[in-house]
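Taking it in order: structure first as structure tokens, then the write-up.
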Amino acid sequence: MAETAFTADDFRPAAVTESAQAVARPSLSYWQDAWIRLKANRRALFSLYLVIGLSLFTLVGPLIWTVDPSLQDLEQISQPPGADRDATVVAPHRPWDGAPELPLRSGLSLAASPTTQSVRLVWEPLPDAAGYRLYRNLFPAAGGQALGLPLFETFNLREPSAGEREGATPRKNQRRFEDRLDLKPRSYYYSVAALDAQGQMTGDVHRLELTVTRVITAQEAEAMGLVEDASLLNPGDRIKLRAHPLGTDYLGRDLLARLMAGARVSLFIGIAAPLLFIAFGVIYGAAAGFLGGWPDQALMRFSDFVVALPFLLFMILLRVASGVQPGESGITPMVLAMVLLSWPAAARLVRGQILQIREEGYISASRLLGGGAPYLVLRHMIPNTLGVILVTMTFAVPTAIFTEAFLSFIGMGVAPPTPSWGSMCNEGIKTMLTTPHELIFPALFISVTVLAFNLLGDGLRDALDARMRSAE
């Protein structure tokens, strides 16, 4: 075979012409490349901004909106967002002597202006009525529907004796009533039904629809901190009550402040518990994958046993062992149950990664240079599984948040008065038909948070895992 002869001309650099193309790309680290890919995923990037916004809402929000989440505003109970906050100043309540302040109409009539202080009613006699029963309803009753909440009944009562107070009105003939039962600024439907001699309704009914206006006394306004000096207010003045941007709950507590306080509890559990059980799972899985052989099999069989344990039953046992009484918040048992039972998933993922990485050439080279087991695991193996760990973390956080919300909803987690999104949903579902905002807002925050972390986890998986990256 003939040898090829090389000359000096063969080793000259190629001439650069105008048609020559240079392909250049800046050198990027693994994390810089992952960030570029994450920014290209609009859903994941929006979810990241949403998570940052939730963090600011939780940490910075209470510094801006400084309302005490446990403070009760009894003048604005179960008020929806945007409700009228005006109140008219009136004199303190005095017992009613029965004299009407307004011109009476036929049937059921108002004796005075209806306010949240009292509603005074007077009605005309109904034919052949041996007694009367007064009802109040939030909705108009028609077509045989229930008339509402019975407030008052007079039936076959005796006339006052001669020894009783002179001038007393026989209650048998009393046709007036003052309603002071939990009045709110809204429309009410009153009905007066006639009763026969057996106490049954005859079918004759007087009806009246009215709208109650909110009032407040000068002393109440001063006690609530709305004014500094009650003497500056006169009957008829209009004042503004406290602002509640998202409304109030059934005890008059500010819903925005409670959502912020509940976020601290829900996100603390949703982030602290995954950090703990994923950290344990990483160490456990790394040890199993590095050791291999029978230690690996023994460790994995134990993780299979942990997976088989029922979470809710284990949670109940931990509550009993911790001495948590019914009605008390069981945050510690809940976090402990999550940590003890939720680590196997992270351990399996890390073990699989370690089994692959330990066969790499740089691991063998590090062993030849004298690297010990702790050095190999902590310096080379675990850092190369950070992508999987981070993705697992983003998927574990919404699962923990949803678990806390579910347990608090069924009364096994955070209990009132400590707010959390789950316990707020439990309170709001009781009045969801009349005041749906008490359920909608905490449920919306749970849904948005879980969705944001899930979408962020999808984006991180595509950005960090080379096998999941879309082809360019």
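Owing to the predicted nature of the structure, the values given are computational and were not obtained by experimental measurement. Just so you know, these numbers use all the heavy atoms, side chains as well, and skip hydrogens, waters and symmetry mates.
- Taking a cutoff of 4.0 Å between a charged side-chain nitrogen and a carboxylate oxygen, Arg136 and Asp179 qualify as a salt bridge.
- For the pair Thr431 (side chain) and Thr434 (backbone), a donor-acceptor distance under 3.5 Å is absent.
- Rounding to the nearest 0.5 Å gives a distance of 14.5 Å between CG of Leu48 and CZ of Arg43.
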Exercise for review: Could you walk me through whether Arg264 and Thr58 pass the side-chain hydrogen bond (donor to acceptor under 3.5 Å, both in side chains) test, one step at a time?
Suggested key: CA-CA 6 Å; Arg264 291 196 293 270; Thr58 305; over 6 Å; no
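- The closest donor-acceptor contact from the side chain of Asn454 to the backbone of Val450 lies under 3.5 Å.
- Arg301 contributes atom CZ, which lies 8.0 Å from atom CG of Asp296 (distance to the nearest 0.5 angstrom).
- Taking the six-membered ring for Trp and the full ring otherwise, the centers of Phe57 and Phe445 sit less than 6.0 Å from each other.
- When only modelled atom types and interatomic distance are considered, Glu209 and Ser187 share no side-chain donor-acceptor pair under 3.5 Å.
- By the 30° and 60° cut-offs, the orientation of the rings of Phe441 relative to His437 is perpendicular.
- In this model, a donor atom of one side chain and an acceptor atom of the other lie less than 3.5 Å apart for Glu404 and Ser408.
- Because its NZ or CZ atom is not both nearer than 6.0 Å to the ring centre of Trp421 and within 45° of the ring axis, Arg258 does not count as a cation-pi partner of that residue.
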Check your understanding: How far apart are the C-alpha atoms of Lys184 and Ile77, what are their side-chain angles, what is the distance that settles it, and do they pass the side chain to side chain contact (heavy atoms under 4.5 Å, CB included) test?
Key -> CA-CA 8 Å; Lys184 299 178 182 178; Ile77 293 177; 4.2 Å; yes
Practice item. Take Asp68 and Arg253 through the test side chain to side chain contact (heavy atoms under 4.5 Å, CB included) and record every step on the way to the result. Key: CA-CA 8 Å; Asp68 185 358; Arg253 297 172 296 191; over 6 Å; no
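- Between Phe280 and Trp343, the ring planes lie perpendicular to each other; the angle is over 60°, past the 30° to 60° tilted range.
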Point to revise | Working for side chain to side chain contact (heavy atoms under 4.5 Å, CB included), residues Val89 and Asn234 | key: CA-CA 7 Å; Val89 179; Asn234 299 313; over 6 Å; no
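- With salt bridges taken as basic N to acidic carboxylate O contacts below 4.0 Å, none links Arg37 and Asp462.
- Distance alone, capped at 3.5 Å, is enough to place a donor-acceptor pair between the Thr248 side chain and the Gln79 backbone.
- Looking only at distances, no side-chain donor or acceptor of Thr435 sits under 3.5 Å from a matching main-chain atom of Glu438.
- Side-chain contact, Thr213 with Thr115: no donor N or O sits under 3.5 Å from an acceptor N or O.
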Exercise for review: Apply side chain to side chain contact (heavy atoms under 4.5 Å, CB included) to the pair Arg176 and Arg120, showing each step before the final yes or no.
Suggested key: CA-CA 7 Å; Arg176 60 180 175 84; Arg120 295 173 176 177; over 6 Å; no
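- The distance from atom CD1 of Ile401 to atom CD1 of Ile446, rounded to the nearest 0.5 Å, is 9.0 Å.
- Across every non-hydrogen atom of Thr116 and Val215, the tightest pair is OG1-N, 3.1 Å.
- Going from atom OG1 of Thr392 over to atom CG of Leu349 covers 4.5 Å, rounded to the nearest 0.5 Å.
- Residue Leu309 holds its CG atom at 9.5 Å from CG of Leu340, rounded to the nearest 0.5 Å.
- Neither side chain, Tyr188 nor Arg186, offers a donor N or O lying under 3.5 Å from an acceptor on the other.
- No donor-acceptor pair under 3.5 Å is formed between the side chain of Arg214 and the backbone N or O of Gln76.
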